[in-house]
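Remarks on the structure that follows.
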Amino acid sequence: MGLPGIQSSSLDTIGGTPLVRLSRVVPQGAADVLVKVEGSNPTGSYKDRMALAMIEGAERRGALRPGQRVVEYTGGSTGSALAFVCAVKEYPLSIVTSDAFAPEKLRTMRAFGADVTVVPSDGGQITPDLFVRMRDEVDRVIEGEGAFWTDQFHNADALTGYAVLGREILQQAGGDGVAVDVFCAGVGTAGMFAGVSAALREGGGQVRAVALEPTSSPMLTAGKAGPHRVEGIATGIVPPLLTAGSYDEARTIDEAEARRLALPLARQEGIFTGTSGALNVAGALHLAREIGEGRIVVTVAPDTGLKYLTGDLFIE
């Protein structure tokens, strides 16, 4: 495989991530499971795709002026990605986050130069009230500093960034003569899920799109939110980017089951990812058992496990 030439910017290194077929954690008689491994993006997360799309979309519309402050509230990976993109593009950035999220993510934001406000959580749990309090802090920054709010939960530019991920899956799988039967993933802002689902369907074929959420916070399946520790998904709302036509089914996955899968994924498959990635693969394995051999289930490992080493995810 040839190496790429010299890139004009580190922003050009976003995307082009591998699609990997699992071999050891998939039971006999199940469908093949393919995982799009996003940890090789510059900040170790697929959020780099979204951050770049949101900033460049705002630039094209004239909504973001040169040197204007940018602000967002985030569990961490979006903040890290925005910090990276804003550093390269020379925008000052304010991030509102919480101690409920991995300290590695907060340190990454600061390393790229972001101003970080940490809102205290309820015992480290991710709750709907936490996001309300984080949003209040964003309003304060907008009012006080005239900042541009990327508004990741409503920003349709995210769909543009994630559609590229979907087209990469089609190109990679199609080049191997593979047709995708099911795509599944957890839902946070729903930008990745909706963007990839749309791209896969536009590419032809009857792709079934299954949205995943933790059993303890079944907003999509039962209309109620609850506390959990799966960073990046299940924020306590039905996200606006998750329209009725963007998915065929929603189902819950037990968080404890997903956490137990993180170590086998690393040690047996070499897939080193966080809680949401483990939940995605757990959901994919359920679906692979259901649809059986000769079919293909695709999911995403959103980030690298390096973001979670100070927590308990990889402790036996």
Worksheet entry | Side-chain H-bond candidate by donor/acceptor type, N41 with E38, under 3.5 Å | yes
Item to complete: Verify the cluster assignment for W149 and V141: are they in a single hydrophobic cluster under the rule of side-chain heavy atoms below 4.5 Å apart?
Response: yes
Practice prompt. Might you work through the side-chain contact (heavy atoms from CB on, under 4.5 Å) test for V281 and T273, ending with a clear yes or no?
Written response: CA-CA 10 Å; V281 175; T273 189; 5.7 Å; no
Worksheet entry | Side-chain heavy atoms of M50 within contact of M192, under 4.5 Å | no
Worksheet item: Would F193 and I169 show up in the same hydrophobic cluster when neighbours are defined by side-chain heavy atoms closer than 4.5 Å?
Response: yes
Worksheet item: Are any of the side-chain heavy atoms of S40 and P18 separated by less than 4.5 Å?
Response: yes
Practice prompt. Kindly indicate whether the side chain of I233, heavy atoms from C-beta on, has any atom under 4.5 Å from the side chain of L279.
Written response: yes
Worksheet item: Is it the case that one hydrophobic cluster holds both I291 and L212, taking links as side-chain heavy atoms less than 4.5 Å apart, direct or via other members?
Response: yes
Worksheet item: Are side-chain heavy atoms of L220 and L242 found at a separation under 4.5 Å?
Response: yes
Worksheet item: Side-chain heavy atoms under 4.5 angstrom apart, residues restricted to Ile, Leu, Val, Met, Phe, Trp, Tyr: same cluster for V164 and F183?
Response: no
Worksheet item: Taking it one step at a time, do R135 and D151 satisfy salt bridge (charged side-chain N to carboxylate O under 4.0 Å, His left out)?
Response: CA-CA 10 Å; R135 168 64 195 277; D151 193 8; over 6 Å; no
Practice prompt. Applying salt bridge (charged side-chain N to carboxylate O under 4.0 Å, His left out), run through E145 and R140 and close with a yes or a no.
Written response: CA-CA 8 Å; E145 304 201 37; R140 183 186 59 78; 5.9 Å; no
Worksheet item: Would you say the side-chain atoms of T215 pair up with the backbone N or O of I253, donor to acceptor, closer than 3.5 Å?
Response: yes
Worksheet item: After noting the C-alpha distance and the side-chain angles of D32 and R21, does the key distance pass the salt bridge (charged side-chain N to carboxylate O under 4.0 Å, His left out) rule?
Response: CA-CA 7 Å; D32 284 354; R21 179 181 278 104; 3.2 Å; yes
Worksheet item: If we ignore angles and hydrogens, is there a donor and acceptor under 3.5 Å between the side chains of E72 and T78?
Response: no
Worksheet item: Charged N to carboxylate O below 4.0 Å: is that the case for R167 and E202?
Response: no
Item to complete: Dump the intermediate steps for side-chain contact (heavy atoms from CB on, under 4.5 Å) on I55 and V85, then the final yes or no.
Response: CA-CA 8 Å; I55 294 299; V85 172; 4.0 Å; yes
Discussion item. Can you see whether K36 engages T17 through a side-chain donor-acceptor pair at a distance of less than 3.5 angstrom?
Written reply: yes
Worksheet entry | Side-chain heavy-atom pair V138, M134 within 4.5 angstrom cut-off | no
Worksheet entry | Heavy-atom pair of closest approach, residues S45 and S77 | OG-CB, 3.6 Å
Practice prompt. Step through the shown structure and confirm whether more than 12 heavy atoms of other residues, nucleotides or ligands are within 6.0 Å of CD on Q125.
Written response: yes
Discussion item. Looking at every non-hydrogen atom in both residues, tell me the closest pair between A278 and L265 and how far apart they are.
Written reply: CA-CD1, 4.2 Å
Discussion item. Does either side chain, that of R69 or that of S94, offer a donor lying less than 3.5 Å from an acceptor on the other one?
Written reply: yes
Fill in: Residues D99, S121; criterion side-chain hydrogen bond (donor to acceptor under 3.5 Å, both in side chains); working and verdict
CA-CA 6 Å; D99 59 2; S121 65; 2.7 Å; yes
Worksheet item: Below 6.0 angstrom between ring centroids: does that apply to Y91 and F148?
Response: no
Practice prompt. Kindly determine whether T275 and Y308 satisfy side-chain contact (heavy atoms from CB on, under 4.5 Å), including the steps that lead there.
Written response: CA-CA 8 Å; T275 46; Y308 305 90; 4.3 Å; yes
Worksheet item: Run the side-chain hydrogen bond (donor to acceptor under 3.5 Å, both in side chains) check on T310 and E104 step by step: do they pass?
Response: CA-CA 8 Å; T310 58; E104 290 91 340; 3.1 Å; yes
Worksheet item: Quick one: are E231 and D303 in side-chain contact, heavy atoms under 4.5 Å?
Response: no
Practice prompt. Could you state whether V26 and F272 fall into the same hydrophobic cluster, counting links through intermediate Ile, Leu, Val, Met, Phe, Trp or Tyr residues with side-chain heavy atoms under 4.5 angstrom apart?
Written response: no
Worksheet item: Centroid-to-centroid, Y162 to Y46, below 6.0 Å?
Response: yes
Fill in: Pair E316 + R267: basic N to acidic O under 4.0 Å
yes
Worksheet item: Roughly how far, to the nearest 0.5 Å, is CZ of R251 from OG1 of T221?
Response: 11.0 Å
Discussion item. Any heavy-atom pair between the side chains of V35 and V300 that's under 4.5 Å?
Written reply: no
Worksheet item: In terms of side-chain geometry, is the basic nitrogen of D254 or R259 positioned less than 4.0 Å from the acidic oxygen of its partner?
Response: no
Practice prompt. Answer yes or no: are there more than 12 heavy-atom neighbours, outside R65 itself, under 6.0 Å from its atom CZ?
Written response: no
Item to complete: Measure the spacing between CZ of R133 and CD of E137 and express it to the nearest 0.5 Å.
Response: 10.0 Å
Item to complete: Would you tell me whether S276 and N280 have side-chain atoms, one donor and one acceptor, within less than 3.5 Å of each other?
Response: no
Worksheet item: Taking all non-hydrogen atoms of both residues, which atom of V297 and which atom of A31 are closest, and how far apart?
Response: CG2-CB, 4.3 Å
Fill in: Residue pair D122 / T127, side-chain donor-acceptor N/O under 3.5 Å
no
Discussion item. Using the rule given for side-chain contact (heavy atoms from CB on, under 4.5 Å), can you reason through V207 versus V182, listing the C-alpha separation, both sets of side-chain angles and the distance that settles it, and then say yes or no?
Written reply: CA-CA 5 Å; V207 179; V182 180; over 6 Å; no
Worksheet item: Which pair of non-hydrogen atoms, one from E168 and one from G16, has the smallest distance, and what is that distance?
Response: OE2-N, 3.0 Å
Item to complete: Anything under 30° is parallel, anything over 60° is perpendicular, the rest tilted; go ahead and classify F101 against F131.
Response: tilted
Worksheet item: Would you find more than 12 non-hydrogen atoms of other residues, nucleotides or ligands less than 6.0 Å from E90 atom CD?
Response: no
Worksheet entry | Closest non-hydrogen atom pair, H228 against G226 | CD2-O, 3.6 Å
Worksheet item: Below 4.5 Å, heavy atoms only, C-beta onward: do T235 and M219 meet side chain to side chain?
Response: no
